[in-house]
**Student:** 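I have a structure I would like to understand better, so I am pasting it below and will then ask my questions one at a time.
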Amino acid sequence: MAISIKLASNDADLAAARALCLEWLDWHWENYPSDWPVDGNPMERGRFQDILDDLPTLHARPGGGIFLATMGEHPVGCVMYAPETTGTAEFNRMFVSEAGRGQGIGRLLLDAMCDQMGKDGYDKAVFSSAVFLTHAKAMYEAAGFADMPHPSGFPEEWKPYVYFMERPL
């Protein structure tokens, strides 16, 4: 089945991205390690829904974007980015549904997004993720991302559970 990657450009694309994000949220909580803190988790459902409601603003072009992956007609993955600081974009909500896994879709999304970030004038991409997502970290490392320190002010109690990475574009 043909895989296609594109920038979201209409309400149907946004609806598909939101649906994938909700699938990701469900997956996250089903796989969330029991020894992790829950208080302050950015994946808390109410907090996450507020983010989903604001996706078009948070990732507005030209400084941001939402990428969708489809297999045939079916949305199977997404990733989003927005300005972080001058010259740096932050990406988040990278997700490939179970139906799309094992097809290299995560890497295709990552490559398309990084290419667009460069075209948008960014010279660096950054992100954070959970340490229990070891398969994702391996993909990021293979794509040229390297560990970076936690940002100033990052809560001490979360440092053992979250890593940050960066890559020049």
**Student:** Distance alone, cut at 3.5 Å: any donor-acceptor contact between the side chains of Tyr81 and Asp120?
**Tutor:**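 Judged by distance alone, the side chains do pair up.
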**Student:** Do Asp11 and Arg18 sit within salt-bridge range, that is, some charged N less than 4.0 Å from a carboxylate O?
**Tutor:**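 No, Asp11 and Arg18 are not salt-bridged.
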**Student:** Do the non-hydrogen side-chain atoms of Thr85 and Lys124 ever get within less than 4.5 Å of each other?
**Tutor:**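 SC-SC contact between Thr85 and Lys124 ruled out.
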**Student:** Just so I know, are the side chains of Gln49 and Leu22 near enough to count as touching, which here means a heavy-atom distance under 4.5 Å?
**Tutor:** yes
**Student:** Taking the side chain as every heavy atom from C-beta outward, state whether Met117 and Thr88 have any atom pair closer than 4.5 Å.
**Tutor:** no
**Student:** Quick one: does any side-chain atom of Arg167 pair with a main-chain N or O of Val126 as donor and acceptor, under 3.5 Å?
**Tutor:** no
**Student:** After noting the C-alpha distance and the side-chain angles of Tyr140 and Phe127, does the key distance pass the ring pair (Phe, Tyr, Trp, His ring centres under 6.0 Å) rule?
**Tutor:** CA-CA 10 Å; Tyr140 298 134; Phe127 74 97; 4.3 Å; yes
**Student:** Is the count of non-hydrogen atoms from other residues, nucleotides or ligands lying under 6.0 Å from His150 atom NE2 greater than 12?
**Tutor:**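 Yes, NE2 of His150 has more than 12 neighbouring heavy atoms, counting only those of other groups under 6.0 Å.
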**Student:** Contact between Asp13 and Lys6 at the side-chain level, heavy atoms closer than 4.5 Å - yes or no?
**Tutor:** yes
**Student:** Measure across His59 and Ala82 and return the closest heavy-atom pair with its distance rounded to 0.1 Å.
**Tutor:** ND1-CB, 3.9 Å
**Student:** Work out which heavy atom in Leu52 is nearest to a heavy atom in Cys21; give both atom names and the distance.
**Tutor:**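 Here Leu52 and Cys21 meet closest at CD2-CB, 3.3 Å.
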**Student:** Taking ring-ring contact (aromatic ring centres under 6.0 Å, His included) as the criterion, tell me which of Phe164, Phe91, Tyr163 meets it with Phe145.
**Tutor:** Phe91
**Student:** Do His135 and Arg101 meet the criterion of a side-chain donor-acceptor pair at a distance under 3.5 Å?
**Tutor:**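 Result is no, nothing qualifies.
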